Every structure is written in structure tokens, then in C-alpha cells.
Amino acid sequence: MCGIAGILALNATAEPPSREALLRMAGALAHRGPDERGLYRDRRAGLAHARLSVVDLQHGQQPLADADGPAWIVFNGEIFNYLELRDRLFALGHRFCTRSDTEVVLHAYREWGQAAFERMNGQWALAIWDPTAGRLVLSRDRYGICPLHLCEHGGRLFFASEVKAIFAAEAAIPRAFDPAGIDQTFTMWAAVAPRNVFQGIRELPPGHVRLYEKGVAREYPFWQPRFPQTPDQDQGPFSGSLDEAVDEVRLALEAATALRILQADVPVGCYLSGGLDSSLVATLGRRFAGERFQTFSLRFADAEYDETDFQRLVAAHTGSEHHELIVSRSDIAEIFPEVIRHTERPILRTAPAPLFLLSRLVREHGIKVVLTGEGADEMFAGYDLFREGKVRRFWGRQPASTGRARLLERLYPYLSRSPVHQQALARQFFGRNIEAHAVAGFAHDTRWRTTSAIKRLFCPDMCAACERHDAVTELLSTLPAEFKRWSFLAQDQYLEIRTLMSSYLLSSQGDRMLMAHSIEGRFPFLDDNVVALANALPDAYKLRGLDEKHVLKRVASPILPPPVVARKKQPYRAPNAMSFFGDAAPAYIGDALSETAVRAAGVFDPQSVSRLVEKCRARTGGGDMSNSDNMALVGVLSTQLLHQQFVANRPAGATRRDLSIDIDYEHRERAPA
């Protein structure tokens with residue numbers, strides 16, 4: 001992974017990109033690319049790159065030029081099938097100066113145009129600038145693993161891996177919250193691309209290309225999730241037995257893991273939570289990585305969140321060199337402001353904070369690349385949300401059935417305050433809108449309603465601004481035409497991929513926490529071949545009755561310890577609101593939640609926040625917070641910190657000049673003959 005940035009003059013009257021602005025943008029991304037820095041600049045465009053060195057063999061410095069054409073590229077990510085693409089291009093007459101996947105992308109674009117991105121299996125955000133055609137091409141991978149943000153201001157386009165680099169480019173770029181982005185965050189846990197929580201900033205959606213040419217911008221998808229049609233129509237591409245599906249998934253996952261280990265010139269480690277997904281990846285990773293394979297686990301001082309026994313069982317089973325990090329509530333509180341500086345958005349759970357500390361531990365042990373199990377729950381129906389949706393739809397077809405309602409008791413067994421512990425309240429909560437069981441978004445409705453309750457804390461101005469938008473309606477209006485012809489499970493998976501996976505898990509908990517310490521994450525479950533296979537499988541192979549990830553459990557049975565395969569799913573969680581209260585609470589918390597600070601941010605009502613804070617303080621001596629209050633406190637605090645760091649304080653990037661490459665065509669063209 002790396003950091004990319006750039007500036008494009010959108011018309012003839014706009015100022016050309018400034019070298020100092022590009023330096024500031026690159027400096028703001030130093031944590032993403034500490035190994036090298038490079039700039040390119042001409043009269044129309046400027047490109048900046050901060051590089052994390054993972055593959056060193058004749059890698060080619062960036063920005064990288066097309067030796068046979070005028071184009072330049074800055075690239076963040078990895079193309080795992082680049083050797084295959086390189087061979088195809090070579091057979092078509094292309095010649096290469098480096099052995100890098102970046103150069104392959106340039107040649108692929110020259111040969112196939114925008115269709116090149118459909119052929120790429122990997123994770124990326126990139127910009128290709130053709131000064132002769134006056135064309136800028138921006139592209140982002142299918143799942144949103146690598147971020148890419150855009151801002152049009154003053155006749156120029158600014159783009160960068162992170163918002164802080166855009167803000168560093170020019171002080172005149174407005175810094176304010178976007179009510180629609182805030183509304184989405186406090187409904188679906190994150191603003192969904194192209195929305196962002198900052199006004200004037202948009203995020204290129206996953207699987208999209210955006211072109212700027214002759215003053216005109218065009219954007220379109222080159223990929224989006226696809227599922228088989230409903231059973232009374234086309235059955236889809238996979239028609240084999242469950243045993244055949246197990247074999248196919250195993251082979252695809254083995255190939256995906258091998259690719260992500262073998263295409264690196266540095267040691268590759270693995271996160272190990274002790275759950276099925278990370279345990280599978282760690283076991284396969286150990287097979288392909290050789291003798292010295294390092295695994296990294298989080299432990300918690302709070303027993304409710306700790307999975308140490310399973311982690312150690314898998315580490316011993318694989319024979320990995322295992323490292324553990326114990327995280328306390330005070331650890332979370334201490335580093336939370338730094339976490340928000342990297343998430344660049346409000347968060348409703350503290351879960352990213354321990355992952356920030358874990359990536360630091362990985363870096364301290366000399367590892368630059370880690371495998372993780374992200375994507376398995378979305379692709380193979382692992383979340384309780386999918387089970388909940390199935391139960392509620394089954395109940396909704398006979399709302400008067402008490403037997404069907406009792407199935408709710410099989411949900412959320414790991415929560416100390418599980419919503420199903422009190423049957424009457426559970427039926428009231430899960431039974432709301434039960435008659436709409438065939439409507440798009442039905443399975444997500446309970447989560448969205450729970451999260452939206454936090455908006456009771458909004459100040460009147462924010463409430464009024466949000467009333468002009470409806471986050472759920474906006475999202476559902478963008479569904480693909482074939483959505484209604486998919487099974488209910490496929491519909492639920494699609495929405496989970498669009499919202500939580502791409503906008504939160506791969507961002508706040510993924511890229512941002514990894515790259516905070518210059519760590520590249522690689523995700524075998526998000527390999528294109530694995531995803532295509534998972535999406536083609538019959539629903540019953542993934543969610544068999546209420547047995548989640550059934551096909552994956554069968555894949556894992558011969559190679560993982562039985563207790564890991566048999567254990568009930570326990571999602572990764574961390575202590576939330578109670579981390580920020582007590583005698584050792586850092587001073588910044590009081591400052592951020594003060595009436596003056598809350599009023600200045602303009603999102604929440606100061607009196608409502610004060611009542612929430614007092615409620616949390618009253619719980620410090622004992623007792624547990626409700627799910628809603630936990631999310632509310634973390635959401636308010638993270639929003640307040642975000643305002644302090646990005647709106648009130650106007651951060652700027654450092655203008656470091658230790659460049660590995662500095663191509664300045666502006667000066668060359670103006671030099672005397």
C-alpha cells in the first residue's frame with residue numbers, strides 16, 4: 001500500500017498545480033508511504049506519491065511514466081494477477097522496463113482502455129494522467145480496500161488517498177461537516193460512497209472509474225456484486241453438490257492465500273482473532289509462507305471480549321511465531337484521538353482502536369504485510385444479521401406464530417445485554433415492520449433503527465438539515481435493477497457489502513488502522529475468484545438453516561482444531577463507552593464534550609450530550625451501558641474530535657523535500673533552449 005495525491009486544472013483559467021501544494025499533500029500521507037516520495041508536475045496536472053516498499057525487484061519509482069506513451073501513473077495497492085496480465089500484454093507486443101505491477105497497469109490501460117480494470121484481480125486506487133489527451137483517469141478496486149477522495153474547488157480537482165492530504169493542499173478549501181454524510185453515518189455506521197462527512201469531499205465508490213477530459217467528468221461502475229436469479233429463474237453458474245462446492249471453495253481460497261504471500265519481497269504475517277475466518281487464513285498462510293510465519297492477536301483485559309484460548313490453540317496448531325497484545329479500557333481512551341485522526345470520520349464503536357495498537361505491534365516486529373479474514377462474513381453469510389433476517393422473514397409470513405418468534409432466542413448469544421433475553425421486548429423490537437418482510441432493506445432495518453436513535457442528540461439545526469435527506473431512501477434508490485430478482489439472502493449480502501464492509505470495516509477498521517503504521521493488509525476472502533464463487537453458490541450452502549458459513553466450516557473441518565470449527569460465532573468487539581470514564585480518564589474527553597466544544601461543532605445539542613455524559617459517569621461504578629448509549633457516546637466523542645482535528649484546527653501537511661523522484665515538466669518546458 002502507498003499514498004497517492006494529485007491536482008488537476010479543470011479549465012484554462014485555473015492555476016497550474018503548485019509544487020509546494022503537492023509536497024504538502026505527500027507529506028500528509030507520510031504514514032502510508034515512509035520509504036520513498038515522488039512528484040510529477042506539468043502545466044495542467046500534478047501527481048504525488050508516498051511509497052511503502054513491499055515488492056522491490058525493479059519496482060520502478062513513482063510517479064511512473066509509460067515508456068511508449070505520454071501517460072503517467074500514481075498507484076496504491078497490489079494487482080495479484082499482474083504476471084498473467086504481463087504475459088498477455090507481452091504477447092501483444094508490449095515491452096516493459098520494470099517488473100512492477102504498476103507498469104503493467106499502464107500498459108493494460110493503453111491496450112484495453114477502461115476495460116483493463118475488469119481484468120485486474122487486486123486492491124487499488126490509482127490515477128493515470130495523459131497530458132497529450134488532457135485526460136485524467138481515476139479508478140478504485142471492486143470492494144473499496146484502497147481509499148480515494150476527491151474535491152473540486154476553485155477550478156481545480158484535488159484527489160488523495162486521505163482527506164487530510166486534500167485539506168493540506170490549500171487553506172482555502174472549505175472545512176465543514178456535510179449533514180447528509182453525518183445522517184448516513186448515524187444510520188448505517190458510515191457515509192456510503194460517494195458521500196463523505198465533509199462538505200465538498202466525495203469518495204470514489206468501489207468498483208468505479210472517473211474520467212476528466214476536456215472539462216467534462218464522467219463516472220461509471222466497471223463492477224458491482226452480482227448474484228444468481230431467484231430459483232424460479234436462472235439458477236446461476238454453480239450447480240454442483242455441496243461436497244463439490246467445498247472442494248471449489250478450498251481450492252480458490254488456497255490459491256488466493258498463496259498469491260497474497262508469494263507476491264511480496266518482505267515477510268508476510270497474519271492477524272489471528274481465533275475465529276473461523278482468521279484461523280483458516282492463518283493455517284493456509286503458514287502452509288505457503290514457510291518456516292517463520294508470525295501471527296498477531298489482540299487480548300482484552302475485559303473477559304467479555306477476550307478470545308485468548310482459541311487464538312493460542314490455532315497458533316500452536318499452525319506452529320506460528322505468535323505475538324499477543326493485551327488492551328485495556330485506558331489504552332483505548334489514550335489513543336482514541338489518534339485513531340480518529342486516521343479514520344477521518346465518526347465511528348460508533350471503539351473497535352478500530354485496538355486494531356491501531358495491533359498494527360503498531362506488527363510494525364515493531366518488522367512486518368509490513370498482514371493477511372486478515374475480512375470479507376468472509378459478507379461473502380459466506382456469517383453475520384447474525386443474515387440469520388436475523390431469515391428468522392424475521394420466516395416469522396413475518398405467519399406473524400401470529402409463537403413458535404416462529406421463539407427462533408429469535410437463537411440470535412446474539414455472545415452479548416451480555418442480548419436483545420433476545422427478554423422475550424416480550426424481543427418480540428416487540430424484532431416484530432416491528434414485520435409485515436414488510438419482502439421489502440428491500442428489511443434485514444437491515446433493525447440495525448438502522450437502532451443507530452438512528454442516536455439522532456435524538458442532534459441540535460435543531462442539524463435535525464433540520466437532515467430532514468432534507470433520508471439516508472435509507474437515498475441508498476435504496478441506487479440499487480441495481482436486478483436486485484429484486486435476487487434471493488433475500490443475496491439482497492442482504494449486497495447491502496452489507498455496500499454499507500458496512502466497504503464504508504466501515506475495510507476503512508475505519510481496515511486500511512486506516514493498518515496504514516497508520518505503514519502496514520499493508522491483504523484479504524484472501526476478497527480475491528475476485530473467491531468472491532465470484534461465493535456469490536454463485538446456492539443460499540443453502542452458505543446459510544444452512546441457521547448455520548452460518550456452512551460451506552466454510554466444511555472447508556475448515558479437516559485442517560482446523562475442532563473447537564474452533566464448532567464454536568459459536570463471536571464478532572470482534574471492544575469495550576466502548578466505559579473506556580472514557582473513571583479516575584484515569586484523559587483530559588481531552590472533558591474538553592471535547594464541553595458545552596462550548598459541542599456548540600462549536602454544530603452537530604449535537606449540548607444539553608442532550610451533557611445528560612448522556614452524566615448517565616455514563618453514573619455507570620462507572622458498576623452496571624452495563626445499553627447498546628444505544630454505548631454507540632451514542634462513542635459517536636458523539638469521535639465527531640467532536642473530528643471537528644477539533646479537521647475543521648477547527650485546519651491541519652496542514654509537512655513539505656518534506658526528500659524526494660526519490662521529481663519530474664517537473666513545467667520548468668523544463670519554460671527553460672531556454
Side-chain angles (χ1 to χ4, degrees), residues 1 52 54-55 77-78 80-81 121-123 143 145 246 249-298 307 310-325 355 358-359 361-377 379-380 382 505-506 509-511 513-514 519-531 533-534 549 552-561 564-565 572:
M1 295 287 191
L52 175 65
V54 172
V55 178
E78 307 289 342
F80 296 113
N81 66 333
N121 180 357
Q123 51 196 62
Y143 318 109
I145 296 171
V246 170
V249 171
R250 174 180 51 79
L251 290 171
L253 190 56
E254 287 175 347
T257 306
L259 264 180
R260 283 153 180 78
I261 287 178
L262 298 176
Q263 288 193 21
D265 292 331
V266 296
V268 176
C270 187
Y271 281 178
L272 178 57
S273 70
L276 181 75
D277 312 330
S278 67
S279 299
L280 257 175
V281 172
T283 301
L284 294 178
R286 172 67 174 81
R287 180 185 303 175
F288 297 112
E291 290 299 319
R292 191 168 182 264
F293 184 61
Q294 300 186 58
T295 51
F296 300 86
S297 293
L298 284 170
E307 301 179 69
F310 291 104
Q311 293 162 357
R312 290 179 174 176
L313 179 63
V314 175
H317 177 73
T318 62
S320 65
E321 181 180 319
H322 191 56
H323 308 281
E324 299 175 342
L325 177 69
L355 292 169
L358 188 63
S359 72
L361 177 70
V362 170
R363 189 69 181 187
E364 289 170 353
H365 282 82
I367 298 294
K368 290 184 177 182
V369 179
V370 290
L371 306 176
T372 88
E374 261 72 34
D377 286 314
M379 303 308 163
F380 291 94
L505 289 175
L506 293 176
Q509 281 190 199
D511 172 88
M513 297 303 99
L514 289 158
I519 303 297
E520 176 180 298
R522 296 185 177 183
F523 313 95
F525 284 107
L526 293 179
D527 179 88
D528 287 355
N529 296 318
V530 174
V531 171
L533 175 58
K549 291 187 292 196
L552 271 190
K553 290 177 181 177
R554 291 204 176 197
V555 170
S557 290
I559 60 175
L560 290 186
V564 175
V565 180
Y572 163 66

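Just so it is clear, the structure is predicted and the values come from calculations on it, not from any experiment. Hydrogens, waters and symmetry mates are skipped; everything else that's a heavy atom, side chains included, is used.
A 4.5 Å side-chain heavy-atom check between Leu526 and Gln123 finds every atom pair outside the cut-off. Counting heavy atoms from C-beta outward, Asp277 and Lys549 have side chains that approach closer than 4.5 Å. Residues Ile559 and Arg250 form no side-chain contact, since every pair of their non-hydrogen atoms from C-beta on lies 4.5 Å or further apart. For the pair Phe288/Val268, no side-chain contact is recorded, criterion being any heavy-atom separation below 4.5 Å from C-beta on. No side-chain heavy atom of Phe380 sits less than 4.5 Å from a side-chain heavy atom of Val555.
Of the inter-residue distances, the one linking Leu280 atom CG with Glu254 atom CD reads 10.0 Å to the nearest 0.5 angstrom. Between atom CG of residue Leu358 and atom CE of residue Met513 there is a gap of 12.0 Å, rounded to the nearest 0.5 Å. A distance of 7.0 Å separates OG1 of Thr318 from CG of Leu272, quoted to the nearest 0.5 Å. Annotation: the span from Thr257 atom OG1 to Arg522 atom CZ amounts to 12.0 Å, rounded to 0.5 Å. Rounding to the nearest 0.5 angstrom, the gap separating the CG atom in Leu325 from the CD atom in Glu364 is 9.0 Å. Of the inter-residue distances, the one linking Leu355 atom CG with Tyr572 atom OH reads 3.5 Å to the nearest 0.5 angstrom.
Heavy-atom minimum distance, Ile367 versus Pro267: CD1-CB, 3.7 Å. Closest heavy-atom contact between Arg286 and Gly319: NE-O, 3.8 Å. Closest of all the heavy-atom pairs between Phe80 and Leu259 is O-CD2, 3.3 Å. Summarising the geometry of Val281 relative to Cys270, their closest heavy-atom pair is CG1-SG, 3.9 Å, with the distance given to 0.1 Å. In terms of heavy-atom proximity, Leu552 sits nearest to Ala376 at CD1-CB, 4.1 Å.
Leu533 meets the side chain to side chain contact (heavy atoms under 4.5 Å, CB included) test with Phe238, Glu248, Val249, Ala252, Leu537; sequence neighbours excluded. Qualifying side-chain hydrogen bond (donor to acceptor under 3.5 Å, both in side chains) partners for Thr295, counting only residues two or more places apart in sequence or in other chains: Ser320, His322. Judged as a side chain to side chain contact (heavy atoms under 4.5 Å, CB included), and not counting sequence neighbours, the contacts of Phe310 are Pro563, Val564, Arg567. Residues passing the side chain to side chain contact (heavy atoms under 4.5 Å, CB included) test with Arg554 are Leu242, Asp243, Val246, His550, sequence neighbours excluded. Not counting sequence neighbours, the partners of Ala256 by the side chain to side chain contact (heavy atoms under 4.5 Å, CB included) test are Arg260, Pro524, Asp527, Val530. Residues passing the side-chain hydrogen bond (donor to acceptor under 3.5 Å, both in side chains) test with Thr283: none are found, sequence neighbours excluded.
Screening Ser297, Ser278, Ser279 for a side-chain contact (heavy atoms from CB on, under 4.5 Å) with Gln311, the sole residue that qualifies is Ser297. Evaluated for a ring pair (Phe, Tyr, Trp, His ring centres under 6.0 Å) with His323, the options Phe293, Tyr271, Phe296 yield exactly one hit, Phe296.
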Audit row: Leu560, Leu276, side-chain contact (heavy atoms from CB on, under 4.5 Å) steps and yes/no: CA-CA 9 Å; Leu560 290 186; Leu276 181 75; 4.0 Å; yes
- prompt: Run the side-chain contact (heavy atoms from CB on, under 4.5 Å) check on Gln263 and Glu78 step by step: do they pass?
  reply: CA-CA 9 Å; Gln263 288 193 21; Glu78 307 289 342; 5.8 Å; no
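A donor-acceptor pair under 3.5 Å is formed between the side chain of Asn121 and the backbone N or O of Asp528.
Remark: Glu520 does not engage Lys368 in a salt bridge, criterion side-chain N to carboxylate O under 4.0 Å.
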